[in-house]
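Before I ask anything, let me first share the structure, which is written out below as structure tokens.
All figures in this text were calculated on a predicted structure; none of them were measured in a lab. We use all heavy atoms of the structure for the numbers below, so side chains are in, but hydrogens, waters and symmetry mates are not. All chains are named by letter (A, B, ...) in the order of the sequence lines, taking the proteins before the strands, and each is independently numbered beginning at 1.
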There are 2 protein chains.
Amino acid sequence: MTTRRVRAKRGEGALLREEILGAAEELLAEAGTEEALTVRAVAVRAGVSTPAVYLHFAGKEALVEAVCMRVWGELGRLFRDNSGGDPWLALGRCARAYIRFALDHPVQYRVLMMRPSGSPGVPPAAAEAFGHMVDAVSACMETGVVAGDPEEIALGLWSALHGCASLLIAQPSFPWPDREALIDRVVRVAGFGTALYSRLPRDLPPSDELAARFDALGAELAAGEDQSSP
Amino acid sequence: MTTRRVRAKRGEGALLREEILGAAEELLAEAGTEEALTVRAVAVRAGVSTPAVYLHFAGKEALVEAVCMRVWGELGRLFRDNSGGDPWLALGRCARAYIRFALDHPVQYRVLMMRPSGSPGVPPAAAEAFGHMVDAVSACMETGVVAGDPEEIALGLWSALHGCASLLIAQPSFPWPDREALIDRVVRVAGFGTALYSRLPRDLPPSDELAARFDALGAELAAGEDQSSP
DNA sequence: TCGTTAACCTGACGGTGTCAACCTTCGGTG
DNA sequence: CACCGAAGGTTGACACCGTCAGGTTAACGA
């Protein structure tokens, strides 16, 4: 049997909120899915009766969302820690940090990013993640390498990173050859895609054109690669 | 009140299976979420008692999966229809077709691609989608523009396309500037990323190197663009 | 005509999210 | 000290869900 929680003192009712959040976070990680999470189980682990949860959360939906949002501040910290120095190098670090954050908190990431937005309006998690991308891209723009609308370009970058993260999370039984290699490749391609954005043709050209262009282009890139990796 | 379905004749019991699938498909589209779909509601719409559903499906999970799988064959048709002609042009068309397919069947796509795989092993939907990507990329490889493991390269492409599709589906209230523009950009960048794969440096270089390289590179690409768009 | 069997239905069980109503104890007030 | 308002919960119940054991009906061959 689980020990019953001692009633909080007057004015400290909000303490229970944190304890419920903690219990829900544990159970969500154990269950792996929000559907498998139960308000009753949360209450039991918090040592409290079931309806007590509703004193602090409007419903199960709100509880789950609060649990997921709790860890989201970490993303901001990761972006801040990786933002110094050269903007393009920082962009690569932030991109990796984003994917790694998603893989470190798979349940939270799935709940917040892979669900039909229950509440109307922009989901705060999505807005915050996107905001970080825009910042990173904006910094790169000041180097003069790429031109365009930072938000538009950041959308493409975000999309690529989210695709990698969400595939790895939602398809764990897929025979991924190498997670790290995929992440590296996606970050690299997405980063170069961002850098090349305003210089890319409007669409993929046919093979013969592509081959002709890439002869010179490949040599150019390879030359830079040789000098940058001793 | 809903009319009760007339009992099927002997040997035609499988007819009910199709009717249940149809009812479930309708309700899933109306509800928008699998959680909002109810076995009882499906049975009512099919004009049959609730446990009758279990005569043809192992459970709700199996029913939902069958409904989603029902539309997935369309993806194969789309890829086949877009596979002719030049491989790189076909790659661009297939990429667009993939995203459009996802947007045309948002509920099914979410259920099959954005959920913790309930059953162990590779989800058939994911395997099939990935298989098409590998085929499209393999065809491009024979043009000699890009070299490497087709599966590895296809993973990057798939990841980018899935990211775009899943973001658009899961975040409908996000202030997307222009869906079509985003799709175009993602397809373009992912396609070029695929084409450039074996020629890209191992990581993003710092700004000064990037700028120096892209001067020549941008001119090269722009020249090709001028000649390909009259 | 009759029995077999495919095709379904009835009724129930355990579990879920949620709510109205009740209780219990703290802390200030007369 | 007695009291009482209210913060901080609990009890019991409701409606709904997925699922199953067992009974019922109707079509067909013999």
Side-chain angles (χ1 to χ4, degrees), chain A residues 1-24 27-28 30-68 111 115-116 118-119, chain B residues 1-24 27-28 30-68 111 115-116 118-119:
Chain A
M1 109 158 225
T2 59
T3 60
R4 204 120 124 180
R5 190 183 99 110
V6 292
R7 189 210 203 101
K9 285 191 177 178
R10 216 154 230 237
E12 296 177 350
L15 275 180
L16 179 56
R17 186 190 156 91
E18 284 305 309
E19 299 186 22
I20 290 177
L21 276 177
L27 287 170
L28 195 60
E30 294 173 14
T33 318
E34 30 153 355
E35 306 164 29
L37 181 74
T38 292
V39 178
R40 284 173 155 87
V42 171
V44 167
R45 178 157 303 198
V48 98
S49 80
T50 308
V53 174
Y54 291 85
L55 296 175
H56 298 279
F57 301 95
K60 182 186 177 178
E61 180 82 14
L63 171 61
V64 171
E65 193 169 330
V67 170
C68 294
V111 169
R115 272 200 343 175
S119 56
Chain B
M1 107 157 228
T2 60
T3 61
R4 202 117 127 185
R5 190 184 101 110
V6 292
R7 190 207 202 99
K9 286 191 176 180
R10 220 151 224 240
E12 297 178 348
L15 275 181
L16 179 56
R17 186 189 155 91
E18 284 305 309
E19 299 186 22
I20 291 177
L21 276 178
L27 287 170
L28 195 60
E30 293 174 13
T33 318
E34 29 150 359
E35 306 164 29
L37 182 74
T38 292
V39 178
R40 285 175 152 86
V42 170
V44 166
R45 177 157 303 197
V48 96
S49 81
T50 308
V53 174
Y54 291 85
L55 296 175
H56 297 280
F57 301 94
K60 181 184 176 178
E61 181 82 15
L63 170 62
V64 171
E65 194 169 330
V67 170
C68 294
V111 169
R115 273 203 336 180
S119 57

Item checked: Between P of C/dT16 and CD of A/Glu61, the distance in whole Å -> 18 Å

Notebook entry, point to check: Shortest non-hydrogen contact from B/Val53 to B/Ala43?
Noted result: CG2-CB, 4.1 Å

Checklist line | Closest listed nucleotide, where the reference is the side chain of B/Thr38 and the choices are C/dG17, D/dC17, C/dC9 | finding: D/dC17

Next item on the list: Please name the pair of heavy atoms, one in B/Ala66 and one in B/Phe57, separated by the smallest distance, quoted to 0.1 Å.
Entry: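 In terms of heavy atoms, the two residues are closest at CB-CE2, 3.8 Å.
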
Note to self: On a heavy-atom basis, which atom in B/Ala14 and which in B/His56 lie closest, and how many Å separate them?
What the structure shows: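 Result for this residue pair: CA-CE1, 4.1 Å.
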
Notebook entry, point to check: If you look at every heavy atom in A/Lys60 and A/Glu35, which pair is closest and at what distance?
Noted result: NZ-O, 3.8 Å

Next item on the list: Report yes or no: is there a donor-acceptor pair, N or O only, under 3.5 Å between the side chain of B/Arg40 and the base of D/dG18?
Entry: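 It does, because a donor-acceptor pair links the side chain of B/Arg40 to the base of D/dG18 below 3.5 Å.
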
Checklist line | Under 4.0 Å protein heavy-atom contacts per nucleotide of nucleotides 21-30 of chain C, with B for base, S for backbone only and - for none | finding: ---B-BS---

Margin query: Between C1' on D/dG9 and CD on A/Glu19, what's the gap in Å once rounded to a whole number?
Written below: 13 Å

Next item on the list: Check each residue of residues 50-57 of chain A for a non-hydrogen atom within less than 4.0 Å of any atom in DNA chain C, then write out the ones that pass by number, or none.
Entry: A/Thr50, A/Pro51, A/Tyr54

Notebook entry, point to check: B/Lys60 has an atom NZ; how far is it from atom C1' of D/dT19, in whole Å?
Noted result: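 Going from NZ in B/Lys60 over to C1' in D/dT19 covers 12 Å.
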
Notebook entry, point to check: What's the shortest heavy-atom distance between B/Ile20 and B/Ala46, and which atoms?
Noted result: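 Here B/Ile20 and B/Ala46 meet closest at CG1-CB, 4.3 Å.
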
Item checked: Nearest heavy atoms of A/Ala24 and A/Leu63, plus distance in Å ->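 Minimum heavy-atom contact is CB-CD1, 4.1 Å.
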
Check: Reckon B/Arg17 touches a base, only the sugar-phosphate, or nothing at all at heavy-atom distances under 4.0 Å?
Finding: nothing

Note to self: For a quick check of understanding: with a heavy-atom distance under 4.0 Å over all strands, which category does B/Leu37 fall into, base, sugar-phosphate or nothing?
What the structure shows: sugar-phosphate

Check: Any side-chain heavy-atom pair from A/Leu28 and A/Thr33 closer than 4.5 angstrom?
Finding: no

Check: Taking atom C1' of C/dT16 as reference, at what distance in whole Å does atom CD of A/Glu35 sit?
Finding: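 It is 13 Å, rounded to the nearest whole Å.
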
Next item on the list: In whole angstrom, give the distance that lies between atom CG of A/Leu63 and atom P of C/dT16.
Entry: 15 Å

Next item on the list: Round to a whole Å and report the spacing from CG of B/Leu27 to P of D/dC17.
Entry: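 Between P of D/dC17 and CG of B/Leu27: 12 Å.
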
Notebook entry, point to check: Are A/Arg5 and A/Leu16 side-chain neighbours, meaning at least one heavy-atom pair lies under 4.5 Å?
Noted result: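 Contact flag for A/Arg5/A/Leu16 side chains = yes.
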
